[in-house]
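Hydrogens, waters and symmetry mates play no part in the numbers below; they use all other heavy atoms, side chains included. Below, read A as the first sequence line, B as the second, and so on, with proteins coming before strands; counting in each chain starts at 1.
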2 protein chains.
Amino acid sequence: MPRRGLDSRQVIDAAASIADRDGLEAVTLARLAHSLGVRPPSLYHHVAGHDAVLRAIALRGLGELTACLQAAALGRAGPEALAATAVAYREYARAHPGRYAALQRGPAPGDSEHEEAALAAVQVLSAVLRGWRLEGEEMLHAVRVIRSALHGFVSLEAGGGFALPLDRDRSFERLIETLAAGLSPAAG
Amino acid sequence: MPRRGLDSRQVIDAAASIADRDGLEAVTLARLAHSLGVRPPSLYHHVAGHDAVLRAIALRGLGELTACLQAAALGRAGPEALAATAVAYREYARAHPGRYAALQRGPAPGDSEHEEAALAAVQVLSAVLRGWRLEGEEMLHAVRVIRSALHGFVSLEAGGGFALPLDRDRSFERLIETLAAGLSPAAG
DNA sequence: CTGCTTAGCCTAAGCCTATTAGGTAGACGC
DNA sequence: GCGTCTACCTAATAGGCTTAGGCTAAGCAG
């Protein structure tokens, strides 16, 4: 019985791939073990269990999403930054539906590593909103508005919620325009 | 062994209650059967299986949600109607988190009953948007914008996505204002 | 090279799901 | 009372997660 030389990184890689290809619910330890050429109990040497795998997928997704958002926002400001960030958000979710789904299960209470990763992603949005010169709590509310809109769109789109044969790209553009226009009358 | 006189209605009632109280993933046939004083296989006389139970919860949720939205929109127009409908949407999701979660799994392809129930809920939003005098496809895009925003907010809120100690009611008000202001410059 | 330790992988087993097959018994029409 | 329907049952299959315990390959000390 040859050794595979697995480590937790490879396990999470495989899990994220399965999630993206066949859906998050397809990420079972049996399936994961099979894809790695190993028996399910062997996975416990690398990950703590099924929940830990899902959390690790979410954590990886958060890191990647944050990087995508930062790359999109870099060098841009105002409505242009908002649009670019929004598009990057949607593209990430479409390219990695399984990771995005994993990310919807929020951090467990007290899981500070997970909480901080989520915060990092949110802070990109916060930076993007600088152009709107919102003050204090209004900025935080605005971030929630943006997050809600983006997450809602992406989530409905992924779940087949947009059944009509109507251009979804156009709907997304309208969403961004609505946000940009509605966030503040003082916006540029 | 006394008969309980179950029917599928009671089974779905119990399933929806479990979902709201302990989360959708707590709706197992074992748990459901136990709550009804019956063994799991007996449930198959009333429902087709686990998937069918989840679908039935979603269907019930859609019906109830549609009714709530209609009640909120009735006798109102324009931004007031939008605000009332949005509040009703959020309140339903908060009062029935399990049913709302069930509803996020969209209709299976070809499940026309489910698709029509979803359409009915969406049409309330469509009616609410009449005040914005949007033409043709713009109306449909606007409905998607509203749905995205509402669903996103409610979904993040339910998943603990709003971690900061910041008033969520106020955030929701800002969301509604943003939508109302941004939907169209021609809005009332 | 020999022998010890570590750690990766295994099988076996327990307990939880969902589901199917087939039996029992209460309730209703005649 | 008799037959039938059906609500419920037990038993069993299949597959999920997880733990316990054993085997062995790999790496290191001497």
List every contact pair, protein side and nucleotides 5-7 of chain D side both N or O, where the distance is under 3.5 Å.
from  : atom 1 : to     : atom 2 : distance (Å)
D/dT6 : O2     : B/Arg3 : NH2    : 3.0
D/dA7 : O4'    : B/Arg3 : NH1    : 2.9
D/dA7 : N3     : B/Arg3 : NH2    : 3.4

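What separates CG of A/Leu36 from P of C/dC9 is a distance of 9 Å, to the nearest Å. Between B/Arg39 atom CZ and D/dA11 atom P there is a gap of 10 Å when expressed in whole angstrom units. Between the P atom of D/dG15 and the NE2 atom of B/His50 lies a distance of 18 Å, rounded to the nearest Å. Taking atom OH on B/Tyr44 and atom P on C/dA18, their separation rounds to 7 Å, with Å as the unit. Residue A/Leu29 contributes atom CG, which lies 14 Å from atom P of C/dC10 at whole-angstrom precision. Look at CG on B/Asp51: it is 17 Å from P on C/dT17, rounded to the nearest Å. Separating the CD atom of B/Glu25 from the C1' atom of C/dC16 is a distance of 15 Å, rounded to the nearest angstrom.
The ring of A/Tyr89 has its center closer than 6.0 angstrom to the ring center of A/Tyr100.
Proximity of A/Leu164 to B/Arg144: side-chain heavy atoms (C-beta onward) are separated by under 4.5 Å at one or more points.
The aromatic rings of B/Phe153 and B/Phe162 sit tilted, their planes meeting at an angle between 30° and 60°.
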Before giving the answer on side chain to side chain contact (heavy atoms under 4.5 Å, CB included), spell out for B/Ser171 and A/Val145 the whole-Å C-alpha distance, their side-chain angles and the decisive distance to 0.1 Å. CA-CA 7 Å; B/Ser171 295; A/Val145 169; 5.9 Å; no
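Side-chain atoms of B/Ser42 never come within 3.5 Å of backbone atoms of B/Val38 as a donor-acceptor pair (strictly under, hydrogens ignored).
When B/Val124, B/Val122, B/Val128 are each tested for a side-chain contact (heavy atoms from CB on, under 4.5 Å) with B/Val143, only one passes: B/Val122.
In this structure, the nucleotide among D/dC17, D/dC9, C/dC10 sitting nearest to the side chain of A/Val38 is C/dC10.
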